[in-house]
Amino acid sequence: MYPLCITIIEKDLISEGSLNQGDIVQIDEGVQRYDSATYDTLALDFVNSGEAIGVFELHKDLIISKTNQKEVMAGQVYKDKATLKEVMENYAIAQRFQFRVDRSNAVSYAFLCISEDCEWRLKASSINKSELFKVREFNDNHTCPLKDKVYEQRQASSSLIGGMIRPNLTNHKRKYTPRDIIDDVKLDLGVYVSYMLAWRAKKNAMNFLRGEPVGSYKKLPGYLYTMDMTYPGSHIRMVKSPKNKFMYVYISLYAFIRGFDHCRPIVVVDGSHLKSYYTGTFVSASTLDGAGHIFPLAYGVIDSENDVAWTWFFEQFKIAYGERENMCIVSDRNESIIKSVSRVHPDVPHFACIWHLWNNVYKKFKKSHAKLSEIYFSMAKAYTQVEFDSLMEKVEKVDIRVKEYLELAGYEKWTRLYALVNRGWTMTSNIA
């Protein structure tokens, strides 16, 4: 008995409710002796004759759609070729053997054991050229030697492992490394996989869950347009290269712009390198509200921390916010930021993050840093001249080179006492 999919149905048959287009009809094997051109006509004749024939829909519960199917046997129907492939990969790993693809096309799929002398085989084909694949023949008896079963498991592919580890990657806060994947595959499947295979599996799983980066970039213009329509009054800009490639994006929402009027006039900027396929740098500007909580002002993405990119970012910030009285900018000592601030905001004081400055001291004067750490931070936060001078004398006694370095950096850049405007508690760029 073979199923015949009715694809041409007379309107009067459908109206009577006896058949729906796409119903699967079982008819006598004698029909199979006729060529395919007569199938539809014969099937309609059977229906019109009123004879008892089995008319049924292949119930969705009979179609295997999950890849964790443990048993494989002839007659099973899979929702598509990809599902059958993944089920067989899992099956091979569980049964500790390997197979090779003997034939693969749009309508047929055949596997043989990796051993040339083994009789194990599986043959499947599509049902009436649909996406459904049915196992037509399955010989599960292995006659291969043991040596062919203990090689590295080729069926443990990156796509198979990627499908297995997806639930472990849904929480973006969880750190799930290739080493963790190797351990989990060993525990769950009993096979060892290389670090590179685990890395590719993680990449495949991430692409499945979040989409590929190129697809996200294609959606960016539409996303920015929707955001601009949703939050009128915002300042949102994107720049593309002459070759229509993404370069920069800047976002200051209307709520940020209005909220800055009620925050301290201190702008802290910083950048963080992106580790995705297309790299780039995420940049942001933040401040503190009256309660001392972090308040975002702007964020965006640039190609790298260079003069042109940072200048463009500060130009957009100036368009959105202008300049306030007693406003100041705090950042690390990145040269491009220093140049860009001096060009776009020449009248706004630019302060250095005391933590980044200390890291420079640490690298340059390694022998002295242990004794100077507490002195340096106390000096940066000092309120009075007497306190500052006393601490600086201690620095000079430990290492006069550090005193000279801090003088060259400019006291007004890193100390509270010499600051041209009140920078409050914002001595670092940590809030950016």
Is the NZ or CZ atom of R103 both under 6.0 Å from the centre of the six-membered ring of Y109 and within 45° of that ring's axis? no

Find out whether the Lys NZ or Arg CZ of R166 is both under 6.0 angstrom from the six-membered ring centre of F208 and within 45° of the ring's axis. yes

If you count the non-hydrogen atoms of other residues, nucleotides and ligands that lie under 6.0 Å from [atom1] in [X], is the total more than 12?
X: E335; atom1: CD; value: no
X: E407; atom1: CD; value: yes
X: R179; atom1: CZ; value: no
X: Y223; atom1: OH; value: no
X: E412; atom1: CD; value: yes
X: Y231; atom1: OH; value: no
X: Y254; atom1: OH; value: no

Taking atom CZ of F365 and atom CG of N360, what is their separation to the nearest 0.5 Å? 9.5 Å

To the nearest 0.5 angstrom, please state how far the OH atom of Y250 sits from the CZ atom of R237. 10.0 Å

Heavy-atom side-chain contact between L406 and V361 under 4.5 Å: yes

Show your reasoning for whether ring-ring contact (aromatic ring centres under 6.0 Å, His included) applies to F99 and F111. CA-CA 6 Å; F99 63 78; F111 304 118; 4.7 Å; yes

Tell me whether E89 is salt-bridged to K85, with the criterion being a basic N under 4.0 Å from an acidic carboxylate O. yes

Salt bridge (charged side-chain N to carboxylate O under 4.0 Å, His left out) filter on K318, not counting sequence neighbours, yields E323

Quick check, are the ring centers of Y418 and F388 under 6.0 angstrom apart? yes

Any idea how W414 and Y376 line up, ring-wise: parallel (<30°), tilted (30 to 60°), or perpendicular (>60°)? parallel

Y248: which of W312, W310, Y299, F282 passes ring pair (Phe, Tyr, Trp, His ring centres under 6.0 Å): W312

Taking only distance into account, with no hydrogens and no angle test, what donor-acceptor pairs under 3.5 Å do side-chain atoms of residues 326-333 form with protein atoms, sequence neighbours excluded?
| unit_1 | atom_1 | unit_2 | atom_2 | d |
| --- | --- | --- | --- | --- |
| S331 | OG | H350 | NE2 | 2.7 |
| D332 | OD1 | N334 | N | 3.1 |

Given side-chain contact (heavy atoms from CB on, under 4.5 Å), test V267 with Y321 step by step and report yes or no. CA-CA 11 Å; V267 180; Y321 292 94; over 6 Å; no

Return the minimal non-hydrogen interatomic distance between [X] and [Y], and the atom names on each side.
X: F351; Y: L420; result: CZ-N, 3.9 Å
X: R416; Y: K381; result: NH1-O, 3.0 Å
X: K81; Y: N105; result: NZ-O, 3.0 Å

